[in-house]
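What follows is a short report on a single structure.
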Amino acid sequence: MANVTVIGAQWGDEGKGKVVDWLASRADIVVRFQGGHNAGHTLVVGNQTYKLSLLPSGLVRGKMGVIGNGVVVDPVALLAEMDRVRAQGLNVSPDNLRIADNAPLILPLHAALDRAREAARGERKIGTTGRGIGPAYEDKVARRAIRMCDLAEPQTLSDKLDELLLHHNTLLRGLGADTFEKQQLLDDLLALAPRILPHVEQVWVRLDEARRAGQRILFEGAQAVMLDVDHGTYPFVTSSNTIAATAASGSGMPPSAVGFVLGIAKAYCTRVGSGPFPTELTDEIGRKLGERGHEFGTVTGRPRRCGWFDAAMVHQAVKVGGITGLALTKLDVLDGMPELKICTGYELGGQTLRFLPAAPGAQAAAKPIFETVEGWSGSTRGARSWADLPAQAIKYVRRIEELVEAPVTLLSTSPERDDTILMRDPFEG
Ligand code: IMP
């Protein structure tokens, strides 16, 4: 019996929420291992729509949810999200939500610094979610972060705030932004601590026990491989490692616990924020994809940039992300398009490249090499078996499998949970 790790194979927003929800119903524990409330997962269950940013999706299915040490947690956002889903009828308590004692906190000063830096970057801005993700990870690596366990030690909190404020107020002042007062931050943290601390523990111990007891663990990734701080389109990336290996380091589990890695990819491609996007369509076709795919960010509401499926990029994501099989989503958005294009590589300075280079100049200059394939006139929407799909749609999926060197193990054909074609059960390994 394998565990399953779900990661995005493009630039995020691939429809992980639905796939994770579907898998969560068959798991015992669902674990978030990186990112923070920059993520946005939309789960449609019956007539309820849940928008989750920090809470592991398994909670919607009544499963144990764990927030691992690799996640940066804004406690105010976490409590607000807990209240919001409780108002929708979900049970969230220390019995079903556990939080790593060594997870770093995001404080209001992180969001302020994130936004002040973006403003200072002007045209060269990264297009962050403005939630303080980058500055919080910086503090973790710089060894000055306030962590969950510190909420239980007022003196530690006080000392750490001194160090943090020395650093952050200097930067904020330099950027012309408002600075922060220690007492207010301390009071706020001490006030929320009693609501958070009952959830806090050494989650790796629980996960180790669960694994030895043969329980099924689902690791729920956020963002995607092309936003990975090492392997993505740096500097237009998020500040965590989004690849499958992080499921282990971000939860305190051994690498062998990662199990089957399901990479989620849309049947076309989207991106929010700035940065290179070789297959981007700025024409009528791109606009149509955005409209039909309802391509607006869950967290920020920003319109997503749309383009053709980039098989070279997903191939790269399969390799560096450690993807075992792909879940292809939103195939129905392509229904009725007379012809489709798939990027098979890039042309740069007269050379053909199989993968996107690392240097920003080369990334911007790389021209996609397209293969044109015939579209289909029938509908794939709501298909629940391979036999329901038009022949050309099957051909499109098969071509993608060949190019990215990974099997499509799951196909999602509408936002509804049951409109899914399963070729191979990831939990069976
Ligand atoms: P940050 O994670 O807020 O620092 O943003 C860095 C980059 O990652 C920006 O381009 C964001 O738009 C992008 N990003 C962060 N989270 C998500 C997500 O959940 N989906 C898609 N893009 C994201």
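First listed ligand is number 1; within each ligand, the first listed atom is number 1.
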Practice task
Among all protein heavy atoms, pick out the one at the shortest distance from atom 20 (N) of ligand 1; state its residue, atom name and that distance to 0.1 Å.
Solution key: Asp13 OD1, 3.2 Å

Exercise for the section: Mind telling me whether Phe355 and His315 have parallel, tilted or perpendicular rings, with 30° and 60° as the class edges? Expected result: tilted

Practice task
Test Ser57 against Glu220 for side-chain hydrogen bond (donor to acceptor under 3.5 Å, both in side chains), laying out the working first.
Solution key: CA-CA 8 Å; Ser57 301; Glu220 177 180 7; 2.5 Å; yes

Practice task
Verify whether the ring centers belonging to Phe180 and His168 lie closer than 6.0 Å.
Solution key: no

Exercise for the section: Using a strict 4.0 Å cut-off to heavy atoms of Trp11, name the atoms of ligand 1 that fall inside it. Expected result: 21 (C), 22 (N)

Practice task
Can you run down the salt bridge (Lys or Arg N to Asp or Glu O under 4.0 Å) pairs that involve residues 308-323, sequence neighbours left out, and say none if there aren't any?
Solution key: Lys319-Glu405

Handout entry: cation_pi(Arg216, Phe427) dist<6.0 Å, angle<=45
Key = yes

Problem - Spacing of CG belonging to Leu218 relative to CE belonging to Met64, to within rounding of 0.5 Å - result: 14.5 Å

Exercise for the section: Enumerate the atoms of ligand 1 whose separation from the nearest heavy atom of Ile126 is less than 4.0 angstrom. Expected result: 10 (O)

Problem - Sub-4.5 Å side-chain heavy-atom contact between Leu411 and Leu389 - result: yes

Practice task
Nearest heavy atom to atom 13 (C) of ligand 1 wins, so pick from Thr128, Val72, Leu227.
Solution key: Leu227

Handout entry: ligand 1 contact by Ala39, heavy-atom criterion under 4.0 angstrom
Key = yes

Exercise for the section: Can you pull out the closest protein heavy atom to atom 18 (C) of ligand 1? Residue, atom name and distance to 0.1 Å, please. Expected result: Asn38 O, 3.8 Å

Practice task
Measure from the side-chain N and O atoms of Arg292 to the backbone N and O of His294, and report whether any donor-acceptor pair falls under 3.5 Å.
Solution key: no

Practice task
Considering the heavy atoms of Val272, write down every atom of ligand 1 situated less than 4.0 Å from one of them.
Solution key: 10 (O), 12 (O), 21 (C), 22 (N)

Problem - Contact with ligand 1 for Gln223, non-hydrogen, under 4.0 angstrom - result: yes

Handout entry: Option set Gly127, Ala136, Pro235, criterion heavy-atom distance to atom 9 (C) of ligand 1, minimum
Key = Gly127

Handout entry: Atoms of ligand 1 close to Val237 [distance to a heavy atom under 4.0 angstrom, numbered from 1]
Key = 6 (C), 7 (C)

Practice task
To the nearest 0.5 Å, tell me how far Arg131 CZ sits from Asp74 CG.
Solution key: 9.0 Å

Practice task
List the closest protein heavy-atom neighbour of atom 12 (O) of ligand 1: residue, atom name, distance to the nearest 0.1 Å.
Solution key: Arg302 NH2, 3.0 Å

Problem - Nearest-contact summary for atom 3 (O) of ligand 1 - protein heavy atom, Å - result: Thr129 OG1, 2.6 Å

Completion exercise
shortest atom 2 (O) of ligand 1-to-protein heavy-atom contact is with Thr238 OG1, 2.6 Å

